[in-house]
Protein chains: 2
Amino acid sequence: MIDEHRSRSVTRADVARYAGVSTAVVSYVLNNGPKPVAVLTKERVLDAVRVLGYRPNAAARALSKGSADMFGLVVHDNRSPFFAELCHTLDQRGTQAGRSLLIVNSDRTQADTAEQLRDLASRQISGLIISVALTASEQALVESLRLPTVVIGPFGETDALPAVSVDLAAGTRAAVEHLIEHGYQDIAFVGSAARYDARERGWADALSAAQLKRGLLIHTSFTYEGGYAAGVRLAEASPRPRAVFAASDQIAIGMLAALRERGVRVPEDIAVASFDGITAADYVWPRLTTAVQPLDQIADAAISVLLNPTPDPGLREFVPELRVRESCGCTPGRD
Amino acid sequence: MIDEHRSRSVTRADVARYAGVSTAVVSYVLNNGPKPVAVLTKERVLDAVRVLGYRPNAAARALSKGSADMFGLVVHDNRSPFFAELCHTLDQRGTQAGRSLLIVNSDRTQADTAEQLRDLASRQISGLIISVALTASEQALVESLRLPTVVIGPFGETDALPAVSVDLAAGTRAAVEHLIEHGYQDIAFVGSAARYDARERGWADALSAAQLKRGLLIHTSFTYEGGYAAGVRLAEASPRPRAVFAASDQIAIGMLAALRERGVRVPEDIAVASFDGITAADYVWPRLTTAVQPLDQIADAAISVLLNPTPDPGLREFVPELRVRESCGCTPGRD
DNA sequence: CTGAAAGCGCTTACAG
DNA sequence: CTGAAAGCGCTTACAG
């Protein structure tokens, strides 16, 4: 620890000199290979590392190996609660594997996604986590990067890329079926207009299975504001739906605000169920009944795809679990 | 674009060859220096870059320059809404300066902050953004790193480091004074126990200026759960305070949940004002009256400190602006 | 204005 | 088990 606070940094050569070995041996020790090292030599090296306070220069390592110990993560907007939680979990899990997370928001106005992907690649990331929908050309770009890649979330057309996702249709069905069990017949949907998003289908399926006809269909953005706008439309609809499924908790929260301001009570006038299972869902009022995504499992699966790229990774799909709270009309206790 | 999808990457040497110049000249062109290049030569190079689809290898660049085009950001937990918004804004602003953001959560259990700081340094980041409280030894570590550094947020003891922050005391005073104007006399405080956090002092000052005595003082964590726990205590206090200042919107939201469940009405039974100005503050009920941190200005100032490190940067302090909504008892219109 | 060359700090095939 | 050396792809002082 003597020189921990030195200004010019200690390099592998210093360590080699101190330990009386070659720099190659220092590498072998630090990387556990590729060559074996005698136990005593190894201890001398480790000692030198400790004494000199040595830390490998990651840039040199990345240049030499052609790969930095970083994962690139592309999300649409790290502020939306679900993605914030996803980033956090991936950071935890990635760190356990010695990888830092380079987070890129695709909603940046200055650069398009292709440009951001190329930038990540030029930084020699060792893996790419994509949690946004990709155009066909962006997808081709990603494939050309020849990087371990995993798509998180069900973005349909990315079949060529390994994916970890959640069964949106099943989660939605569970939520909508729960609303149906409450006896609601006129059930609206608020969510994405994207074809790949199976929530709309899950809603439709649940309704037709119960021989109910589809209620009001509202497409909106996955933001508080988008939810608010949808809430306004719901409040003003006539007849007003008796229940609604929202494609994200964030949308639901925005919706609640609009409904409340217009004197529409939840769940008395309109019941709500949503999707994601963010922490805040348990703190708004009424607390949200929501299909919870198993974040830890998703993150673990994604990281493991990157760490062990297999020829045919395919799709790893999880099923969300419905968490019942008050927004649907139930009266459970607190978590 | 011919070779955009090649597998082995094109290097500076390829560009030089194609353009019929030396690799040095390619560098001069791409970096706008340090040497001037004839206009025609420059165009030949740029053309080669375009044709070959060349992208510089960031690792090589970082090794050579001793500095990667990345900023390291240390936050406690990127999920808490205010920090999520901070990360997002810093990402935007950093990107405009060609810097990516390497986000590190200090709440990771696997590594202590010192270790995380050393890891960031070993990655050759070109600047360090710290938005957590540092111990004295961590602070010494940071200084020893000799990296452009900026502290975001008022973490008192970091006087040696340039800081961009918000006047916590002033923001809190504004909020508490507003509660006082409503006529509330018994005003509680929910927030941090940390000495450097001036919100408690702001609350105390506002009260004593109005010749009111201090109300209930509750220290809790900056989470929904922490706010919930505080809410429970408030609800059960007797006499129950007539108003409360919460140190963050997130705390306030947790508090609202606890109060609501216990039948304590906000603002009728207890008025609430808080701090931060996160987006969600406008969507919960009642909507939060809160001291809004000027995020864009904070981020801009922080980035500019890193980009133009001056010998004596000192403290750049912003004053939050009170946003009045319903939680304090006012009845404003929607934003 | 341009180029040849050293150097950044690693990794790893190759030789012993 | 250990070492000398080439190479990763940049930047930049130095020379012209």
Side-chain angles (χ1 to χ4, degrees), chain A residues 6-46 48-49 52-70 98 119 121-126, chain B residues 6-46 48-49 52-70 98 119 121-126:
Chain A
R6 54 172 50 235
S7 55
R8 34 180 57 209
S9 60
V10 7
T11 73
R12 188 144 299 193
D14 299 319
V15 175
R17 200 175 310 120
Y18 188 97
V21 298
S22 72
T23 60
V25 171
V26 179
S27 273
Y28 301 154
V29 172
L30 262 29
N31 302 331
N32 274 315
K35 293 298 171 65
V37 175
V39 181
L40 276 135
T41 314
K42 179 182 282 187
E43 286 189 349
R44 278 220 312 288
V45 170
L46 259 16
V49 167
L52 300 176
Y54 169 70
R55 303 222 110 206
N57 178 319
R61 183 161 212 269
L63 173 58
S64 196
K65 305 225 325 164
S67 160
D69 295 327
M70 295 190 297
D119 180 73
S122 77
R123 289 175 193 275
Q124 312 300 108
I125 55 169
S126 54
Chain B
R6 54 172 51 237
S7 55
R8 32 179 58 209
S9 59
V10 8
T11 73
R12 188 143 300 193
D14 298 320
V15 175
R17 201 175 311 121
Y18 189 97
V21 299
S22 71
T23 61
V25 171
V26 180
S27 273
Y28 300 155
V29 172
L30 263 29
N31 302 331
N32 276 315
K35 292 299 170 65
V37 174
V39 180
L40 276 136
T41 313
K42 178 181 283 187
E43 285 188 350
R44 278 220 311 289
V45 170
L46 258 17
V49 167
L52 300 176
Y54 169 71
R55 301 221 112 205
N57 178 319
R61 183 162 212 268
L63 172 58
S64 195
K65 305 224 326 166
S67 162
D69 295 327
M70 294 188 298
D119 181 72
S122 78
R123 288 175 194 277
Q124 313 300 111
I125 55 168
S126 54

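Any value given below was found using the heavy atoms of this structure, including those in side chains, with hydrogens, waters and symmetry copies removed. The shown structure was predicted, so the numbers you read here are calculated from the model rather than taken from an experiment. Sequence lines set the chain letters: A, B, ... in the order given, protein chains first and strands last, and positions in each chain run from 1.
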- prompt: With respect to the phosphate group of D:dG3, does any side-chain polar atom (N or O) of A:Ser22 fall under 4.0 Å of OP1 or OP2?
  reply: yes
query: Counting just side-chain N and O atoms, does B:Ser27 come under 4.0 Å of either OP1 or OP2 of D:dC10?
result: no
query: Rounded to whole angstrom units, what separation is found between the CG atom of A:Asp69 and the C1' atom of C:dT11?
result: 13 Å
message: Give me the distance, rounded to whole Å, that separates D:dG16 from D:dT12 when you measure between the C1' atoms they each carry.
response: 16 Å
field: Counter-base of C:dA13, judged by Watson-Crick or G-U geometry with both distances under 3.5 Å
entry: none
query: Could you state the CD-C1' distance from A:Gln124 to D:dG9, rounded to the nearest angstrom?
result: 9 Å
- request: Keeping to residues at least two apart or across chains, list the salt bridge (charged side-chain N to carboxylate O under 4.0 Å, His left out) pairs with something in residues 20-34 of chain B.
  value: none
query: From the list C:dG9, D:dC10, C:dT11, which nucleotide is the closest neighbour of the side chain of B:Arg61?
result: D:dC10
query: Does D:dT2 have OP1 or OP2 sitting under 4.0 Å from an N or O in the side chain of A:Thr41?
result: yes
query: Does B:Asn31 have a side-chain nitrogen or oxygen under 4.0 Å from the phosphate oxygens OP1 or OP2 of D:dT11?
result: yes
query: Want to settle it: does A:Tyr28 or A:Ala60 sit nearer the 5' end of DNA chain C, counting the closest nucleotide to each?
result: A:Ala60
message: If I take atom CZ in residue B:Arg55 and atom P in nucleotide D:dC8, what distance separates them, rounded to the nearest angstrom?
response: 22 Å
message: Between C1' on D:dG9 and CG on B:Leu52, what's the gap in Å once rounded to a whole number?
response: 15 Å
message: Can you measure A:Arg123 atom CZ to D:dG9 atom P for me and round it to whole angstrom units?
response: 18 Å
query: Counting side-chain heavy atoms from C-beta on, which of C:dT12, C:dG9, D:dC10 comes nearest to B:Asn57?
result: D:dC10
- prompt: Just checking B:Ala24: base, sugar-phosphate only, or nothing, at a heavy-atom cut-off of under 4.0 Å?
  reply: base
- request: Kindly say if A:Tyr54 contacts the phosphate of C:dC10, meaning a side-chain N or O under 4.0 Å from OP1 or OP2.
  value: yes
- prompt: Where do B:Lys42 and B:Val39 land on the side-chain contact (heavy atoms from CB on, under 4.5 Å) test, with the steps shown first?
  reply: CA-CA 5 Å; B:Lys42 178 181 283 187; B:Val39 180; 5.6 Å; no
message: Nearest whole Å is fine: how far is C:dG7 C1' from B:Leu63 CG?
response: 9 Å
statement: Taking a pair to mean Watson-Crick or G-U wobble geometry with both distances below 3.5 Å, D:dA4 pairs with none
For atom NZ of B:Lys65 and atom C1' of C:dC10, their distance in whole Å: 20 Å
- prompt: Does some side-chain heavy atom of A:Val15 sit less than 4.5 Å from a side-chain heavy atom of A:Val10?
  reply: yes
message: Any base atoms under 4.0 Å from B:Pro36, or only sugar-phosphate, or nothing? Heavy atoms, all strands.
response: base
message: If I take atom NZ in residue B:Lys35 and atom P in nucleotide C:dC1, what distance separates them, rounded to the nearest angstrom?
response: 11 Å
query: Are A:Leu30 and A:Tyr54 close enough, and set up right, to give a side-chain contact (heavy atoms from CB on, under 4.5 Å), and what steps lead you there?
result: CA-CA 11 Å; A:Leu30 262 29; A:Tyr54 169 70; 3.5 Å; yes
task: From the options D:dA4, D:dA13, C:dT11, select the nucleotide whose nearest atom is closest to the side chain of A:Arg12.
output: C:dT11
Check: A:Ala62 main-chain N/O paired with A:Ser67 side-chain donor or acceptor under 3.5 Å: no
field: Nearest heavy atoms of B:Ser27 and B:Arg12, plus distance in Å
entry: OG-NH1, 2.6 Å
field: Nucleotide of C:dT2, C:dT11, D:dC10 approaching A:Thr23 most closely (side-chain heavy atoms)
entry: C:dT11
